[in-house]
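Lettering follows sequence order; numbering is per chain, from 1. Computation of the quantities below employed the complete heavy-atom set of this structure, encompassing side-chain atoms and omitting hydrogens, waters and symmetry-equivalent molecules.
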Amino acid sequence: MAQGVLVFAEQVHGSFRKIAYEAVSEARRLADTLGERVTAVVLGSGVDGIAGELGKYGADKILVGDDPALADYTTDAYTNVLFDFVKDNDPGILLLGASSQGKDLSARLAARLEVGLAMDCIALRLDGEKLIATRPMYGGKVLAEVVLEGIPQMSAIRPNVMEIVEAARSGDVEMVAINTGVVKTRVVEKRVETASRVDLTEADVIVSGGRGMGGPDFSLLEELAEVLGGTVGASRSAVDEGWRPHSDQVGQTGKVVTPNLYIACGISGAIQHLAGMGSSKYIVAINKDQEAPIFKKADFGIVEDLFKAVPAIMDELKKLKG
Amino acid sequence: MDIVVLLKQVPDTETLIQIADDKASIRTEDVKWVINPYDEFAVEEALRIKEKHGGKVTILTMGPERAVESIRTALAMGADEGVLIDDPAAQGSDALGTAKVLTAALKETGYDLVIAGQRAVDDDGYQVPAAVAELLGIAQVSMVIKEEITDGKIRCERTIEGGTVVVETHLPAIFTTQRGINEPRYASLPGIMKAKKKPLVKKTLADLGVDPGEAGEARAKCRVKNLSFPPERSPGRIIEGETVEARAAELVRLLREEAKVI
Ligand SMILES: Cc1cc2nc3c(=O)[nH]c(=O)nc-3n(C[C@H](O)[C@H](O)[C@H](O)COP(=O)(O)OP(=O)(O)OC[C@H]3O[C@@H](n4cnc5c(N)ncnc54)[C@H](O)[C@@H]3O)c2cc1C
Ligand SMILES: Nc1ncnc2c1ncn2[C@@H]1O[C@H](COP(=O)(O)O)[C@@H](O)[C@H]1O
């Protein structure tokens, strides 16, 4: 009979992404409720050394598929291999992270397993053995509780939402021989734009600029982000103006972000922008127009020219940090 | 080259969403329906590929009668043909059910390249294109911002966290769009006139040889049980103070002491 929680732990270049710890922690929480075990799966090349780390977040067992053919993520190879792991382990629940890799992989795998998949979930709970997943729809305007048919019950969780909990398990690591099967795609090039920078979807602090920035010079926001250990984002207007790359766009047609702190500078707060950042824990708005809709969503607002307010905030932060 | 765009009609992003009495769906009165924004990118990219390599662009939609309007818009942009699968038995399909229906239609239209949106902004599902790819047994590349086709191969640049990767695969394949891939054109007046004469066929599940038991609500493996509104954010506090310095200091204090986020 299907049992236990199987969790896919995403790594890049030999280190786990934050979402991997979030997913394993969440798997642990569900497994504890069910009185079952957590098995984590790590795929990649040269990843045997890091696999044991997952024990710290609650994995009872860590299965490692280590193969040069898994060095780069391809949908085909990863789906083929993970499918075999699922078949061999017969879990009751299967969790992944809804990162760009996780969305691609989970969707293909769910179709192959012919099971339901709750994508981009922000909360999971159990009703007996039944998984009930909460996921935003309509750009976060509503929250849906969904139930799943088929085994395993499958969910991909939104990055930066679920808590990372240390649970000190031994985490036995087991190497598993894998077969990548037929692979039709090949990675021919990788371009890392921002190696030193935390991606918006994983950032704890985001400082975003909009049309109110008045031009491509975002150095003020870069500085503020730097002091706060955060990342810079943008509204679509700022992207459309060519001031920032598309990858910085937050919103309905950009990234959905969930930082602890989101500081919107010179952003009016259009509904499509809110769709991307509305579930941030704390929102600060700096806008010179007190009627700007962003103030209705912000926990704290400063009605002021951002070119005056941001330097003043910087000065205050510098005082604190000495 | 036969290019098929999977196009879904969704509520305009400005729409005020209201939950229906069944608590599991939304009220569809007063909704303005538009082409899913990502599918608009898909139509534009299909037209550009056709302009470069020749071929035919077919718009494929599963949805109710009103979706004809969105298909016509895509035809007015320059697509050649439209197919609408309109069948009450398909209503309430989940991603897999939708993919089964679309796949059956794709087998009829033929395809060298299928282009879809990375997600539909109604269910925010991110699933249908992958399921279609799986059922057709072809490669999928998601979140593409640039593509190039040569000698039956397609090279796609896709966005990932903190960068991009370039992936290559053989046609037939499916890829999904990401903002940045293009700026969709507007339908021109002559385009709108021409669109009226372009073929737009309607099909039922029976026409496609799909067993109604394969799709629709009853067969859905992912089902919405309950919809609710997210908790309202409490109205914000505008920080008062004589000088900008005083207000900045108060903000920093609040973030440290109350919110404890810095
Ligand atoms: C289908 C669709 C999808 C969309 N997707 C997105 C999306 O993903 N993300 C997104 O952001 N938008 C999206 N939009 C666009 C959205 O509707 C808004 O147009 C956009 O968010 C506005 O950006 P903005 O707030 O920077 O600009 P504006 O609305 O022009 O606001 C600029 C603000 O800056 C303030 N300001 C100006 N100068 C200063 C100053 N010196 N100091 C302080 N404040 C100043 C002004 O008071 C104003 O409130 C989408 C729209 C559509 C139709
Ligand atoms: N009913 C449908 N008809 C045609 N295409 C669809 C339909 N549903 C989803 N799609 C395609 O799949 C993409 C992703 O949808 P989803 O998986 O629902 O987020 C959309 O952008 C469309 O390209």
Side-chain angles (χ1 to χ4, degrees), chain A residues 75 99-100 103-104 107-108 111-112 115-120 136-150 184-194 199 201 228 246-247 249 252-254 260-261 271-272 282 295 297-304 308-309 312-313 316-317, chain B residues 11 13-14 17 19 37 94 96 99 121-127 130-131 133-135 139-143 145 155 159-170 179-180 221-230 233 235-239 244-245 247-249 251-252 254-255 259 261-262:
Chain A
T75 314
S99 58
S100 45
K103 282 182 193 131
D104 186 76
R108 184 87 185 219
R112 187 161 307 171
V115 300
L117 161 64
M119 184 66 94
D120 207 23
M137 284 174 39
Y138 299 93
K141 287 179 199 164
V142 295
L143 297 178
E145 277 193 334
V146 303
V147 288
L148 302 159
E149 291 294 327
K184 293 181 177 166
T185 44
R186 193 166 65 92
V187 174
V188 290
E189 209 180 315
K190 278 181 272 191
R191 298 189 189 135
V192 181
E193 290 165 2
T194 46
D199 189 73
T201 55
L228 294 171
H246 286 292
S247 53
Q249 186 184 315
Q252 190 132 26
T253 44
N260 285 329
L261 175 60
I271 190 133
Q272 297 90 353
Y282 283 93
F295 286 122
K297 297 288 165 180
D299 298 278
F300 308 118
I302 294 188
V303 182
E304 182 62 79
K308 291 190 188 131
I313 295 166
E316 198 58 36
L317 287 168
Chain B
T13 51
E14 295 278 350
I17 298 294
I19 296 171
D94 64 355
L96 206 50
V121 303
D122 51 357
D123 60 18
D124 289 322
Y126 301 89
Q127 285 186 52
E134 175 65 21
L135 295 172
Q140 89 201 37
V141 187
S142 51
M143 313 238 266
I145 49 165
R155 248 179 203 227
T159 59
I160 56 166
E161 287 84 0
T164 60
V165 289
V166 182
V167 173
E168 188 179 85
T169 189
H170 278 274
R179 204 173 120 72
K221 292 180 180 214
C222 182
R223 217 173 281 160
V224 174
K225 231 183 56 155
N226 181 56
L227 290 182
S228 63
F229 291 110
R233 294 191 85 95
R237 191 177 333 168
I238 299 286
I239 297 171
V244 64
E245 287 76 20
R247 283 178 284 158
L251 173 68
V252 170
L254 286 166
L255 292 177
V261 286
I262 58 173

> What residue in A:Asn260, A:Leu317, A:Ile302 has the most heavy-atom pairs under 4.5 Å with chain B?
A:Ile302
> Heavy-atom cut-off 4.5 Å, strictly under: side chain, backbone, both or neither for B:Ile238 against chain A?
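Interface part for B:Ile238: both.
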> In terms of heavy-atom pairs under 4.5 Å with chain A, which of B:Ser228, B:Pro11, B:Ala99 leads?
B:Ser228
> Less than 4.5 Å to any heavy atom of chain A: does that hold for the side chain of B:Pro37, its backbone, both, or neither?
side chain
> Counting heavy-atom pairs under 4.5 Å with chain B, which one of A:Val147, A:Leu261, A:Thr75 comes out on top?
A:Val147
> Report which part of A:Ala144 has an atom under 4.5 Å of a heavy atom belonging to chain B: side chain, backbone, both, or neither.
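Both parts, backbone and side chain.
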> Taking side chain as everything from C-beta outward and backbone as N, CA, C, O, which of these in A:Thr201 sits under 4.5 Å from a heavy atom of chain B? Side chain, backbone, both or neither.
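The side chain, not the backbone.
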> Tell me, side chain or backbone of A:Gln272 under 4.5 Å from chain B's heavy atoms, or both, or neither?
side chain
> Looking only at heavy atoms and a cut-off of under 4.5 Å, which of B:Glu134, B:Glu168, B:Arg237 has the most pairs with chain A?
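Going by pairs under 4.5 Å, I would pick B:Glu134.
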> Identify which of A:Ala312, A:Gly301, A:Ala111, A:Ala309 forms the greatest number of heavy-atom pairs closer than 4.5 Å to chain B.
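Highest number of pairs under 4.5 Å: A:Gly301.
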> Between B:Val121 and chain A, which part of the residue has a heavy atom less than 4.5 Å away: side chain, backbone, both or neither?
both
> Just verifying a value: how many Å separate B:Leu255 CG and A:Asp299 CG, rounded to the nearest 0.5 Å?
9.0 Å
> What is the distance from atom CG of B:Asp123 to atom OH of A:Tyr138, rounded to the nearest 0.5 Å?
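The CG atom of B:Asp123 sits 7.5 Å away from the OH atom of A:Tyr138.
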> Would you name the heavy atoms of A:Asp104 and B:Gln140 that are closest together and state the gap between them?
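Here A:Asp104 and B:Gln140 meet closest at OD1-NE2, 3.0 Å.
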> If you round to the nearest 0.5 Å, how far is CZ of B:Arg179 from CD of A:Gln252?
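The CZ atom of B:Arg179 is 12.0 Å from CD of A:Gln252, to the nearest 0.5 Å.
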> Can you say whether A:Ser99 sits under 4.5 Å from chain B via the side chain, the backbone, both, or neither, judging by heavy atoms?
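Contact with chain B involves both backbone and side-chain atoms of A:Ser99.
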> With a 4.5 angstrom heavy-atom cut-off, could you sort out which part of B:Leu251 is near chain A: side chain, backbone, both or neither?
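B:Leu251 touches chain A through side-chain heavy atoms alone.
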> Quick one: what part of B:Ile262 sits under 4.5 Å from any heavy atom of chain A, side chain, backbone, both or neither?
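Just the side chain, heavy atoms under 4.5 Å.
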> For B:Pro230 and A:Leu143, which heavy atoms make the closest approach, and how far apart are they?
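Between these two residues, the closest heavy atoms are CA-CD1, 3.8 Å.
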> Between chain A and each of B:Leu254, B:Leu135, B:Thr159, B:Asp94, count heavy-atom pairs under 4.5 Å; write down the option with the most.
B:Leu254
> Would you find a donor on one side and an acceptor on the other, under 3.5 Å apart, between the side chain of B:Gln127 and the backbone of A:Leu117?
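Yes; judged by distance alone, with no hydrogens or angles, the pair exists.
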> Can you say whether A:Val115 sits under 4.5 Å from chain B via the side chain, the backbone, both, or neither, judging by heavy atoms?
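For A:Val115, the contact with chain B is made by the backbone alone.
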> Below 4.5 Å, heavy-atom pairs only: which of A:Met119, A:Lys308, A:Arg186 has the largest tally toward chain B?
A:Arg186
> With heavy-atom distances below 4.5 Å as the criterion, would you say the side chains of B:Arg155 and A:Val188 are in contact?
yes
> So which of A:Arg108, A:Gln249, A:Glu145 has the largest heavy-atom pair count under 4.5 angstrom toward chain B?
A:Arg108
> Using atom types as modelled and distance alone, determine if a side-chain donor or acceptor of B:Thr169 lies under 3.5 Å from a backbone N or O of A:Lys184.
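Confirmed, B:Thr169 side chain pairs with A:Lys184 backbone.
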> So do B:Val166 and A:Arg191 actually touch side chain to side chain, heavy atoms under 4.5 Å?
yes
> Look at the side chain of B:Arg247 and the backbone N and O of A:Val303, then say whether any donor-acceptor pair between them is shorter than 3.5 Å.
yes
> Examine whether an atom of A:Ile271 lies under 4.5 Å from a heavy atom of chain B, and if so say whether it belongs to the side chain, the backbone or both; otherwise answer neither.
side chain
> Looking at every non-hydrogen atom in both residues, tell me the closest pair between A:Phe300 and B:Ala259 and how far apart they are.
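That would be CE1-CB, 4.4 Å.
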> Looking at every non-hydrogen atom in both residues, tell me the closest pair between B:Phe229 and A:Lys141 and how far apart they are.
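Nearest pair, atom of B:Phe229 first, then A:Lys141: CD2-O, 3.5 Å.
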> Contact part of A:Leu228 toward chain B, heavy-atom cut-off under 4.5 Å: side chain, backbone, both or neither?
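Contact with chain B: side chain only.
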